[in-house]
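Sequence lines set the chain letters: A, B, ... in the order given, protein chains first and strands last, and positions in each chain run from 1. Keep in mind the model is a prediction, meaning the values are calculated, not measured.
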There are 2 protein chains.
Amino acid sequence: MSLLKQPFEDRWSKYGGHSPISLFFHHIHPISQEAIARIDASTFPLHAARGEMIFKPGSKGDRLYLILKGVVRGYIVEDGKEITTWINEENEIIGTIRNLGLAGPSEESIQAIENCELIGMPYELVEELYTTYPESNIVGRKVLEDSYRAAEERAYISRIPAAERRYKRLVETRPNLANRIPLKYIASYLGITLETLSRIRNRRSI
Amino acid sequence: MSLLKQPFEDRWSKYGGHSPISLFFHHIHPISQEAIARIDASTFPLHAARGEMIFKPGSKGDRLYLILKGVVRGYIVEDGKEITTWINEENEIIGTIRNLGLAGPSEESIQAIENCELIGMPYELVEELYTTYPESNIVGRKVLEDSYRAAEERAYISRIPAAERRYKRLVETRPNLANRIPLKYIASYLGITLETLSRIRNRRSI
DNA sequence: AGCGGCTTTTGTTATTTATCAAGAATAAGC
DNA sequence: GCTTATTCTTGATAAATAACAAAAGCCGCT
């Protein structure tokens with residue numbers, strides 16, 4: 001994961017002069033030009049190769065990320081095994097959102113599962129925006145509404161009793177995902193082994 | 001579920017003159033006296049008996065509720081069976097939060113599993129507060145941060161592979177809950193049958 | 001283009017959990 | 001306080017899924 005080295009003044013030239021994340025927020029709810037400038041100044045593009053860790057538990061520098069390109073997953077290590085807790089794609093905000101506001105440091109790891117282009121945003125900037133630009137609380141609220149709905153869906157899908165119906169639900173709600181990334185991540189997300197998932201998929205195709 | 005009939009002017013007298021939900025919000029982040037008065041005017045105490053439905057999918061009048069007393073669960077009917085998706089207790093905000101902002105009507109049912117005292121708040125009031133009193137967006141953001149964390153935990157616990165470790169996690173994170181409500185709800189929340197849960201509990205106590 | 005590693009499939013056996021059933025214990029409501 | 005409901009336990013069997021293993025397919029990288 002390396003910061004793209006570019007002269008500061010044209011860091012956003014290939015994105016039309018602004019950080020994609022400031023435009024993303026502005027599109028959710030209009031924010032002032034000062035807020036946009038503040039975001040442009042303290043966010044940064046970065047690249048994460050397939051398999052690379054974007055966040056490791058215990059490391060400093062909590063951030064949000066906007067995914068411009070690629071697929072990213074979050075996972076927790078439980079009893080020596082990885083449990084994939086979420087999988088996100090383009091135009092979604094990810095990060096150690098768990099840490100927002102309250103709670104201790106996250107035990108969650110974040111990993112690129114495709115080569116990714118991201119925009120990073122330090123969490124201190126988020127706090128600063130909330131206090132300096134009141135309208136950013138509206139943006140924050142709406143982003144959180146969305147994140148909440150996504151988390152609700154994750155909580156729901158994993159409670160569906162039969163593995164096949166969980167897979168079916170995933171295909172219904174996120175049709176492209178199941179054929180985009182390795183089965184092991186889908187299987188872990190659905191709480192089954194990849195062998196079982198493979199068998200379910202072949203059952204379905206008959 | 002019946003509205004307590006009281007003269008309007010002293011509806012909140014037994015709560016010290018204000019709606020508990022306006023005080024709850026004010027405690028999260030200070031809101032103006034006008035905002036408090038507006039909340040006091042359009043929220044209402046209500047009672048729900050054990051087993052009573054607080055919300056049924058398809059019904060009108062989306063609301064938030066503050067639980068003053070009792071335990072409430074949300075569930076979804078999947079393939080003819082109820083799946084309990086959350087269980088909340090005193091001093092928590094519940095409701096058809098899924099509907100906030102975006103998304104279609106919730107298929108989620110909400111039911112009292114103890115005799116409950118609640119404060120109801122129409123969702124239209126929430127919208128009004130967001131536009132009329134900017135500081136309420138800060139409250140909304142913080143409530144959603146909390147709701148998000150709770151949803152994350154629900155998503156996580158249900159992905160722990162072994163039923164016994166799921167139960168262990170529940171006991172660790174919410175020690176009082178497992179001995180407060182019938183096993184069937186706990187079992188459904190953990191994605192197992194009540195018989196299996198009973199056996200797990202007895203394994204543990206030896 | 002070809003090598004090597006990752007991914008998927010398929011098979012077999014072991015384990016976990018569900019299902020069905022019935023009795024015992026506990027709690028709710030009058 | 002008593003009666004009835006509900007809740008919890010325990011047992012036996014069936015079904016789903018995990019675990020282990022190994023081969024085939026695909027894919028990324030140089």
Atom [atom1] of [X] and atom [atom2] of [N]: how far apart are they, to the nearest Å?
X	N	atom1	atom2	value
A:Glu164	D:dT17	CD	P	9 Å
A:Arg203	D:dA16	CZ	P	8 Å
A:Asn179	C:dT8	CG	P	10 Å
B:Ile160	C:dT17	CD1	P	13 Å
A:Glu114	D:dC29	CD	C1'	17 Å
A:Glu195	D:dA18	CD	P	9 Å
A:Ile186	C:dT8	CD1	C1'	14 Å
B:Ile192	C:dT19	CD1	P	12 Å

Any strand counts, and the cut-off is 3.5 Å on both contacts for Watson-Crick or G-U wobble. Which nucleotide pairs with C:dA1? D:dT30

Complement of D:dA15, any strand, by Watson-Crick or G-U distances under 3.5 angstrom: C:dT16

Reading DNA chain C from 5' onward, which residue's closest nucleotide shows up sooner: B:Arg166 or B:Asn115? B:Arg166

Report yes if a side-chain nitrogen or oxygen of B:Lys81 is closer than 4.0 Å to either non-bridging phosphate oxygen (OP1 or OP2) of C:dA18; otherwise report no. no

With heavy-atom distances below 4.5 Å as the criterion, would you say the side chains of [X] and [Y] are in contact?
X	Y	result
B:His29	B:Arg141	no
A:Ile192	A:Arg166	yes
A:Lys81	A:Val77	no

Do B:Arg199 and C:dT19 have a side chain to base donor-acceptor pair shorter than 3.5 Å? yes

Do the side-chain N and O atoms of B:Arg154 and B:Ser158 include a donor-acceptor pair separated by under 3.5 angstrom? no

Taking any heavy-atom pair under 4.0 Å as a contact, classify A:Gly51: base, sugar-phosphate, or nothing. nothing

Base, sugar-phosphate or nothing for A:Thr193? Non-hydrogen atoms, less than 4.0 Å. sugar-phosphate

Please classify D:dA5 as syn or anti, treating any glycosidic angle within 90° of 0 as syn. syn

Report yes or no: is the cationic atom of A:Arg63 (NZ for Lys, CZ for Arg) under 6.0 Å from the centre of the six-membered ring of A:Tyr123, at an angle within 45° of the ring normal? no

Which atom pair, heavy atoms only, marks the closest approach of B:Val171 to B:Ala178? CG2-CB, 4.5 Å

Please tabulate, one pair per line, each protein N/O and nucleotide N/O from nucleotides 5-8 of chain D that are separated by under 3.5 Å, including the distance.
{"from": "D:dT7", "atom 1": "OP2", "to": "B:Lys184", "atom 2": "NZ", "distance (Å)": "3.0"}
{"from": "D:dC8", "atom 1": "OP2", "to": "B:Leu183", "atom 2": "N", "distance (Å)": "2.5"}

What's the verdict on side-chain contact (heavy atoms from CB on, under 4.5 Å) for B:Glu108 and B:Phe55, showing C-alpha distance, side-chain angles and the deciding distance? CA-CA 8 Å; B:Glu108 193 171 74; B:Phe55 179 84; 5.9 Å; no

